[in-house]
Amino acid sequence: MAKKIRIAGILLIILIIIAAFSAMAVVQSKTVSDVEKFEVVKTSSDSVSFSWKKVSSADGYYIYKADEQNTEFEKAATIKDAKTKEYTLKKLEQASKYKFYITAYKGEDDVAESKEHPSVSACTLPEAQKIQNIESPDTGLMKVKWTINSEAQGYQLQYVQGDGSDFSGAKTVNVKDKAKSSYTLKDLKQKKTYSARVRTYISYNDRTLYGKWSDISSVKIQEKITMSSDINTKQPMIALTFDDGPGYNNSSDKILDVLEKYNVRATFFMVGRNAKDHPDNLKRKVALGCELANHTWDHNHYGKNVTASDIKKCSKAIYDACGQYPTAFRSPGGNTTSVIRKECKTENMPLYYWSLDTQDWKSRDANKVYKAVMNNVQDGDIILMHEIYDSTAEAVEKMVPKLLKKGYQLVTCEELVLAKTGKRPVPGTQYVNATSINNTTS
């Protein structure tokens, strides 16, 4: 009997030991090691990236965040992959200070969580800036205008001569006034293209944090223009303008012969592909003091269909043909848009409509073209013709001496506006005559 009692006691002790070990195993299975080496590795305007040493006993991790001024943390992310050792927390506010900590967890229903890792701090970057406008308002000047960032402490502007493909030699200007949205650079090289970019900065823990650079914008710097010595501002003057050339016939050369004979000038709105094919014609126009102007690359797009590329390609063709860029623009059909105006501002080109339309393209009659001018011309007129019609060339040969006899000076569009207003024509502004403008868009 005593032997049986001893055996029962031993069995009871064994059961107690087994139960204790089982309880210990359950407890151990519910514990998870602390996370180590939690740190910030990268920030952007709306995210913070972290890394840490993974915990082998974990099922996953929790990341908590709080505003730097707020002591209340909230769970910001649940990471269910225990092998993960880096994570990017997104949808944060730009230029904002945060605190973060991480824990490891184990289990699904009855979750065990490690101790809080000491919190780390980070600040998101300012958002990327946008350049609203870039222009050369006067000789040697470049004005850059950007959007205001309410969280900014200031802005950094970089500029470089050229198309902006290389900013390695850029000059930097720090604009410390956070409420300022523009800056004007002075003493830049005339007729040269300059490019600019802008970014926002803030201060954080004795460091300066910069947002991303804006997209690059470029503009050609205005050159100094002076009144030609042969212009008398007290006498009447008009601008003869010719579209669609240089011609594929002799009409353009005939018109230039007349201008040369009487020592007068005109403005030629040329199609880029035609200019490319007639470089000698353009060089002669330059030699005669005429104004070279842009009429798009191929005259196939009108109004809202005209692209910035149509204008740029034409300007390049004119430059390649004679070494000078156009200084004026007219859209095929005359209609303009905000896209056209923006590109013309960038290229320093005023736009010119007309106040007297000869309709030479319609009549193809030299006498009708002649009468359209002589019966209707007024001081300050911009007269529309085309240099590709023989009938127009014939009309010009007859009208020029008559206009001179009436006391009219025949000048370029640029000279006309400068003489009549005392100011240079404004890039992106459309002139109907010497003093009237029309900035409506189609």
Side-chain angles (χ1 to χ4, degrees), residues 228 230-271 274-275 278 280-293 295 299 328 330 332-334 352-417 419-420 431-434 436:
S228 177
D230 63 353
I231 296 177
N232 185 339
T233 58
K234 296 180 180 180
Q235 291 183 356
M237 66 189 74
I238 57 174
L240 301 182
T241 69
F242 299 90
D243 288 7
D244 297 354
Y248 34 80
N249 50 31
N250 294 328
S251 59
S252 180
D253 290 329
K254 290 178 181 177
I255 292 170
L256 293 179
D257 289 343
V258 175
L259 300 182
E260 184 173 13
K261 178 179 179 180
Y262 293 98
N263 192 28
V264 295
R265 300 177 289 279
T267 298
F268 292 88
F269 293 91
M270 295 176 289
V271 176
N274 293 351
H278 298 85
D280 290 341
N281 179 279
L282 270 70
K283 291 173 184 176
R284 187 181 179 195
K285 287 170 179 171
V286 171
L288 294 177
C290 294
E291 183 173 22
L292 308 183
H295 201 43
H299 205 284
R330 178 180 285 158
Y352 296 98
Y353 197 71
W354 53 85
S355 53
L356 199 167
D357 184 357
T358 63
Q359 296 197 333
D360 60 339
W361 61 273
K362 186 176 182 180
S363 70
R364 309 291 178 92
D365 185 310
N367 193 47
K368 287 184 178 181
V369 175
Y370 171 79
K371 287 182 177 180
V373 174
M374 301 309 299
N375 293 342
N376 299 286
V377 66
Q378 296 180 31
D379 185 22
D381 268 340
I382 295 174
I383 299 173
L384 172 62
M385 292 181 281
H386 297 76
E387 65 170 303
I388 58 175
Y389 304 125
D390 284 334
S391 52
T392 299
E394 185 180 340
V396 169
E397 185 175 13
K398 185 178 179 182
M399 76 173 66
V400 166
K402 292 292 185 180
L403 288 167
L404 293 174
K405 188 174 181 179
K406 280 179 168 284
Y408 285 103
Q409 300 170 91
L410 307 186
V411 298
T412 66
C413 290
E414 181 178 80
E415 291 172 332
L416 182 69
V417 173
K420 291 295 185 180
Y431 294 83
V432 177
N433 57 29
S436 298

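Counting from 1, the numbers follow the sequence of the chain as shown. What you see is a predicted model; the values in this text were computed from it and never measured.
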Please check if any side-chain donor atom of Ser355 sits under 3.5 Å from a side-chain acceptor atom of Asp381, or the reverse. yes
Which of Trp354, Tyr353, Phe242 passes side chain to side chain contact (heavy atoms under 4.5 Å, CB included) with Leu384? Answer is Trp354
Check: Leu240 and Ile255 side chains under 4.5 Å, non-hydrogen atoms: no
Are Asp357 and Lys362 close enough for a salt bridge, meaning some N to O gap below 4.0 Å? no
Between CZ on residue Phe269 and SG on residue Cys413, distance to nearest 0.5 Å: 4.5 Å
Within a strict 4.5 Å, meaning less than it, do heavy atoms of the His278 and Lys283 side chains meet? no
With side chains defined as the heavy atoms from C-beta onward, is the minimum distance between Val400 and Val264 less than 4.5 Å? yes
Evaluate the side-chain proximity of Ile383 to Val373: yes if any heavy-atom separation is below 4.5 Å, no if none is. yes
Does some side-chain heavy atom of Ile231 sit less than 4.5 Å from a side-chain heavy atom of Met237? yes
Given 3.5 Å as the limit, does a donor-acceptor pair link the side chain of Asn274 with the main chain of Asp244, or not? yes
Please determine if Lys261 and Glu397 form a salt bridge, counting it only when a charged side-chain N lies under 4.0 Å from a carboxylate O. no
Is the terminal nitrogen or CZ of Arg330 (NZ for Lys, CZ for Arg) located under 6.0 angstrom from the six-membered ring centre of Tyr352 and within 45° of that ring's axis? no
Test log, rule side chain to side chain contact (heavy atoms under 4.5 Å, CB included), inputs Leu410 and Leu404: CA-CA 8 Å; Leu410 307 186; Leu404 293 174; 4.3 Å; yes
I'd like to know whether Thr392 forms a side chain to side chain contact (heavy atoms under 4.5 Å, CB included) with Ser251, so could you lay out the CA-CA distance, the side-chain angles of the two residues, the decisive distance to 0.1 Å, and finally the verdict. CA-CA 8 Å; Thr392 299; Ser251 59; over 6 Å; no
Rounded at 0.5 Å granularity, tell me how far CG in Leu292 sits from CZ in Phe268. 9.0 Å
Could you grab the distance from atom CD of Gln235 to atom CD of Gln409, nearest 0.5 Å is fine? 5.0 Å
If you round to the nearest 0.5 Å, how far is CG of Asp243 from CD1 of Ile388? 9.0 Å
Please lay out, stage by stage, how Asp360 and Ser391 fare under the test side chain to side chain contact (heavy atoms under 4.5 Å, CB included). CA-CA 8 Å; Asp360 60 339; Ser391 52; 5.7 Å; no
Where do Lys420 and Asp379 land on the salt bridge (Lys or Arg N to Asp or Glu O under 4.0 Å) test, with the steps shown first? CA-CA 10 Å; Lys420 291 295 185 180; Asp379 185 22; 2.6 Å; yes
The test is side chain to side chain contact (heavy atoms under 4.5 Å, CB included); show your working for Ser228 and Arg265 and say whether it passes. CA-CA 11 Å; Ser228 177; Arg265 300 177 289 279; 3.8 Å; yes
I need the Asn433 CG to Leu416 CG distance, nearest 0.5 Å. 7.5 Å
Examine the side chains of Glu415 and Thr412 and answer whether a donor and an acceptor come within less than 3.5 Å of each other. yes
Within-4.5 Å side-chain heavy-atom neighbours: Lys402 and Tyr370: yes
For Gly380 and Ile238, which heavy atoms make the closest approach, and how far apart are they? N-CG2, 4.2 Å
Between atom CG of Leu256 and atom CG of Asn250, what is the distance when rounded to the nearest 0.5 Å? 11.5 Å
Nearest heavy atoms of Ala395 and Ala366, plus distance in Å: CB-O, 3.4 Å
Stepwise salt bridge (Lys or Arg N to Asp or Glu O under 4.0 Å) check, Glu260 with Lys285: CA-CA 10 Å; Glu260 184 173 13; Lys285 287 170 179 171; over 6 Å; no
Can you check whether Val369 reaches Met399 side chain to side chain, under 4.5 Å on heavy atoms? yes
Please name the pair of heavy atoms, one in Asp257 and one in Arg284, separated by the smallest distance, quoted to 0.1 Å. OD1-NH2, 2.6 Å
Quick one, Leu403 and Met374 - any side-chain contact, counting heavy atoms below 4.5 Å? yes
